[in-house]
Novice: 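After the structure tokens below, expect a handful of questions from me.
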Amino acid sequence: MRLVGLYIFLAVTIGLGLLFPDNYYVSVVGSTAFFHIILAVALNLFMGYAGQISLGHAAFFGIGAYTSAILTTRFNLNPFVAMSAGAMLTGALSTLLARPILKLKGHYLAMATLGLGIIVHIFLVQEEWLTGGPDGLSGIPPIKIASLVVDTDIQWYFILCAVSAMTIWISLNLMDSRMGRALRAIHGSEIAAEVLGIDTASAKAQVFVLSAVLTSIAGSLFVHQQAFISPDSCSFAFSVELVTMVVLGGLGSTFGAVFGAAILTFLPEFLVHFEELEVLLYGAILMCIMIFLPKGVFVSAVDGVMHLFQRRCVRDVGSS
Amino acid sequence: MSALLEVNSVSRRFGGVEALKDITFSVHGGEIFSIIGPNGAGKTTLFNLLTGVFYADEGSILFNSHDITRKRTFEIARLGIQRTFQNLQIFLNMNCIENVKTACHTRISSGMISGCLRLKKVIQEERIVEKWAMEALDFVGMKDLALAPSDTLPYGLLKRLEIARALAAKPSLILLDEPAAGLNDTETLEMRHLIESISRSGITVMLVEHNMSLVMEISHRIMVLNYGQCLKLGTPTEVQKDPEVIAAYLGEAAG
Amino acid sequence: MKLHRIVRGLFLILFLGIFLAPPWAMAKRPIKIGSFLALTGPASFLGDPELKTLKMYIEEVNEKGGIDGHKVELIYYDTGGKAKEAKDIVKRLIKKDRVDVIVGGSTSGTTLAVIDIVQRAKVPLISLAGSIRIIQPVKKWVFKTPHTDRMAAAKIFEDMKKRGITKVALITGDGGFDKSGRAQCLDLAPKYGIEIVADEKYSNSDTDMTTQLTKIRATDAQAILNFGFGKAPAIVTKNVRQLGIKLPLYQSHGVASKKFLQLAGKAAEGVRLPAAALLVAEKLPDSDPQKKVLLAYKHKYEAKYGPVSTFGGHAYDGLFIALDAIDRANSLDRAKIRDEIEKTKNFIGTGGIFNMSPTDHLGLDLSAFKMLEVKNGDWTLVQ
Amino acid sequence: MLLDQLIQFLITGITIGAIYALVGLGFSLIYNASDVVNFAQGEFVMIGAMSAIFIYGAGVPYFVAILIAIFISMFVGVALEKLAIEQARNATVVTTIIITIGASIFLRGAALLIWGKEIYGFPSISGDDPIKVGNITILPQSLWIMACTALFVFLLRYFFQKTLTGKAILACSFNKKAAYLMGIEVKHMLALAYGISGLLGGIAGVLITPITYMTYGAGVMLGLKGFCASILGGMGNSMGAVIGGLILGIVESLGAGFISSGYKDAISFFIILLVLFFRPAGLFGKTGVERV
């Protein structure tokens, strides 16, 4: 019951992959959607569960991506070793920064994470000897699983599908566990969480690191799938896009993040037909969704279904 | 009777205002100890000092012979002090039972990684937490509302939910900040029974409350605060008879 | 209330869904030219004339009956100048739209990002971007039409050498074009006996560069070289005059459009830059083989859209190199088209006379570049 | 020589800083009135500038064009409040952030449709001939920018401290319900705050375009810098935003001048981070105490 959403997710995505392996919207856009799902679910751990905000997650994505890119092209390291190195580097950096940054709240936290993201981005642009500058790095080798070289779109589709499912599984697990509740408690009321014996500073730091490391792993995968990385894949705009996904789907809900990521991946694909109107429509749709469904598309839908039933139930007991 | 909580000459200032001035008292295990006083007398500030939300400028606080004067909030909670809030601090993003389960934080130990991977230990913990949480909800009479989202509950139920949450942490001392405020007569009566049954179950209760009849009827001892100073400390009868208290507080409130 | 909201939300989505249904309709087998251009974002001043040119000439070709009876169809998308978008778009062009040849990539970043894809999918790509890294080392399926940044640097240094300048202050932005140009300058300078005495940078969204130029003023530079595009070089040009710096100012081919003259105004007087002959078409001697082509393009474009830039010209070159190759190949087989593109000889374009070969996928030499100077608010040829 | 350089750097820094200050002031104003961080603030700047360019281009006299343009961006501000923010009154902070981000994308899209992708310039108020003092030069437009910023900071201060309407807006920021009960039309006050904020943006746009040119997408970076300025000074503190903007501009200029021009933005963000680590509510912000 707890994982029923995950099963539906797997059934739908695997079904699509098997039925339309060569369809552009499935194999190419679908793969991008999986990346966004991984990233949005990871960010939702930090934003939706713990109620914090990060406008700098693209930085962790970039660190993972560039570490993998550099280690595999320059030092011929195994992609999985490089990926772990990227994850460790991100882990170390986020651990170091977690305490001072997470002391900040609200807009100040947004500012600090935004600053962090931009500093990393500037570094990637300026240090051409290491990162290739604005044109980025290319020729990154594909990953190999056993003796299978993963380099077609549909192979990636299934791999990313598996990783997304894993991320969703992790997120759902965490929700119903000691630390997951602690995080959501911080979201609800930080002071009450402390009073219940939750070391909120440590819990926030832990989830920040967890979210950052998952983001970094997604970055590493991205670099192998794309065989290319440049700084605009990890820009401030991308950080904002990730936040938008999480909020659009429904803050705090794992499947909200999944829906938000899917919507924002497919929306531009359709808006492309409007040419010059694209930007305008994108902004308008974003605004409309948030105005009319402020809790997010997925959460509002679920709420709507549950609402009548719940209210009746409360009324009955409340008056007894 | 040994003292569970000892407060020695505690003072706290906010800017130029002395919110608490040289307060000394002790609370014995098992009693219901009430603090009364007009608005702004420093009652909630005292609770905040006891739970480490603020620190005392001077003086010391001992709980179960641990010095908690400079301990952080969550460390104090782990030693066994729980509280409720004057402005409810329910986790509105969770349903009732999740609110209560959260309070079992200190009674279990799994970390974030094991939670993510849902190791065997977590599954076992979840089973027992579920049981504890239901017990606590049952205790406040909200068993049937376990799965109700907390943001749909009426005020009175939220007050009880907050108490259930505090109880689920298995405290030895519980601080209730105006539990009857905003409740109607029936609800106040229910609250009174609830407080008494908490006390009966062996938990020491400290109570800040404006409802005088409730305070006078259930308290073992009462401390009267006025402008941050202790005006009187004694049994309800002693307090009621004290002329200074009557002048400063009861005169207008009980009249 | 809640339900009401959701119903409203659903209507919104339905409403959009109806309008968003992609136009599936398709005619019988036309030649499909795919393109991915920076139509929005900071590089949109490149993509904009490129798209206009492509549309205009494809229309003309179709009016004349197409190529061997095939109509030509243009399928294009906006990259916003972003590499990730470009990759997805090129995959879409290849997988979904099944184009025969791709003309595009306004910026080097977007082109470099898609090279792997076109190489693997075996689709000919004619890029409209500057970086030398696109064609060096040679990639089987990748060609380009604009002069390289290395050629621009060489042309500038050649001119400096003629004027006896040996100490140069470099100032560049943080875009791909700027960075790549800067690298070529630093690499080439010693070969021309030129010393780079300052290497200042700015961000392309900056509003003011006087700080960097103040630093440059304090060096013993004899000339300033600004490699960049967009509004930044115009700001640099203005700031140079504002600070009263009398040194010769060189710009790159990144500003080769009328727009630069408008923006920088009086400050642009005396600025030199290497550019394709298009900007000075009228001033070329009649004997110049390019003159006819240039004037034709210029008149056609200006009649419809206003002042030409060399950027649109690159698209013209790319489009006709591709169409000529298809014509010669007499087939829509991508491999044959590629072979014919590589065999392009004596193609007179707006950028110069192209002679491609298996080792040279650009086919232009330094002579294709003219050194221009701004005089009285217009381009003039430096002899 | 070094002193000349330093002064030149400072002039540049103060000019840029004054612009950041104007944008930051807009952030601060809206935050004060409605607790919303308006990420479309940069687009107000862009719209003001673009309108001025086109109205002037259509043959309308210079100052009239500027006035109309400022009025247009003010109108856009009010429209944003009425059509978007007011409709989503119960939205959480993050949701309103996304709404304003959506609004900024929408406005950019609209500008793209109306004005295209070109880069535009606009004539200065009083010519482009720099004023020279020894080795130091300054554009008349820079002086105009500084003067106008100072003027509007002063006017705003007066407005909030001395006029009833100004005080009413402030009252809304402290406690909406109480303000409403006192008979203040909260809705109108919010719209007014957005309007003033749009006006400030429009002024900033008109003032900087002669120096920096304008494109439909230029609002993003300006908005970001304005946000930095208001955070640095302490969100909601108007003077803080102004000082924050000036500090930001000067840090950028000195960073580019003395440390590294490539890393100048990184340097200013680093400074902001450093400030926040020691003062979690900005330089002049109050750390709120939560009542429980």
Side-chain angles (χ1 to χ4, degrees), chain A residues 47-48 51 53 55 97 99-101 103-123 125-127 189-192 195 236-237 240-241 243-248 251 276-296, chain D residues 31 37 39-40 83-85 87-113 116 216-217 220 224 227-228 230-232 234-235 260 262-273 276-278 280-282 285 287-288 290 292:
Chain A
M47 281 186 60
I53 186 166
L55 288 177
L97 290 170
R99 290 285 175 141
I101 281 193
K103 259 197 286 182
L104 305 171
K105 293 194 193 329
H107 304 306
Y108 297 96
L109 180 60
M111 176 76 246
T113 48
L114 184 159
L116 177 69
I118 292 188
I119 291 174
V120 169
H121 186 254
I122 293 175
F123 177 85
V125 170
Q126 295 295 345
E127 298 307 309
S189 161
E190 193 159 343
I191 181 85
V195 165
F236 167 62
V240 173
E241 208 182 326
V243 172
T244 311
M245 286 171 194
V246 174
V247 181
L248 194 75
L251 203 58
E276 300 241 297
L277 272 169
E278 181 184 346
V279 185
L280 181 100
L281 283 177
Y282 185 86
I285 292 172
L286 204 61
M287 271 202 302
C288 288
I289 294 180
M290 293 290 40
I291 290 171
F292 295 120
L293 306 169
K295 281 184 166 179
Chain D
Y31 182 79
V37 170
F39 280 100
L83 298 180
I85 306 295
Q87 305 298 322
R89 224 165 307 127
N90 300 321
T92 58
V93 172
V94 196
T95 306
T96 46
I97 287 185
I98 303 294
I99 291 176
T100 60
I101 287 175
S104 96
I105 297 173
F106 176 83
L107 291 174
R108 231 177 295 150
L112 179 65
L113 280 181
Y216 78 96
V220 183
L224 204 60
F227 177 57
C228 294
S230 60
I231 285 279
L232 185 60
M235 204 75 210
S260 152
Y263 274 102
K264 69 179 173 41
D265 285 336
I267 294 167
S268 53
F269 278 108
F270 181 74
I271 302 267
I272 294 174
L273 281 180
L276 288 183
F277 287 166
F278 293 102
T287 13
E290 209 179 343
V292 287

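Lettering of chains follows the sequences in order, A, B, ..., and the numbering in each one begins at 1.
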Novice: Go through the atoms of D/Ile97 and report whether side chain, backbone, both or neither lie under 4.5 Å from a heavy atom of chain A.
Specialist: side chain

Novice: Decide yes or no for A/His121 and A/Val125: does some side-chain heavy atom of the first lie under 4.5 Å from some side-chain heavy atom of the second?
Specialist: yes

Novice: Side chain, backbone, both or neither: which part of A/Leu109 has an atom under 4.5 Å from a heavy atom of chain D?
Specialist: neither

Novice: Of the backbone (N, CA, C, O) and the side chain (C-beta and beyond), which part of A/Phe236 lies under 4.5 Å from a heavy atom of chain D, both, or neither?
Specialist: side chain

Novice: List the atom of A/Ile119, the atom of D/Phe270, and the distance in Å for their closest heavy-atom pair.
Specialist: CD1-N, 3.8 Å

Novice: Measure A/Val243 against the heavy atoms of chain D and call it side chain, backbone, both or neither at under 4.5 Å.
Specialist: both

Novice: State, to 0.1 Å, how close A/Tyr108 and D/Gly282 come at their nearest heavy-atom pair, and which atoms those are.
Specialist: CE2-N, 3.8 Å

Novice: Is it the backbone or the side chain of A/Leu251 that comes under 4.5 Å from a heavy atom of chain D, or both, or neither?
Specialist: side chain

Novice: Please give me the minimum heavy-atom distance between A/Met287 and D/Gly102, naming the atom from each residue.
Specialist: CG-C, 3.7 Å

Novice: Using a cut-off of under 4.5 Å on heavy-atom pairs, state which of D/Thr100, D/Leu232, D/Leu224 scores highest against chain A.
Specialist: D/Leu224

Novice: Which answer fits D/Leu273, side chain, backbone, both or neither, if we ask what part of it has an atom under 4.5 Å from a heavy atom of chain A?
Specialist: side chain

Novice: Can you say whether A/Leu280 sits under 4.5 Å from chain D via the side chain, the backbone, both, or neither, judging by heavy atoms?
Specialist: both

Novice: Let me know if D/Ile272 has heavy atoms under 4.5 Å from chain A in its side chain, its backbone, both or neither.
Specialist: side chain

Novice: Considering non-hydrogen atoms only, spot the tightest contact between A/Ile53 and A/Met47 and give its length.
Specialist: CA-CG, 3.9 Å

Novice: Check whether any side-chain N or O of A/Thr113 sits under 3.5 Å from a backbone N or O of A/Leu55 as a donor-acceptor pair, and report yes or no.
Specialist: yes

Novice: Of all heavy-atom pairs between A/Ala112 and A/Leu104, which one has the smallest distance, and what is that distance?
Specialist: CB-CD1, 3.5 Å

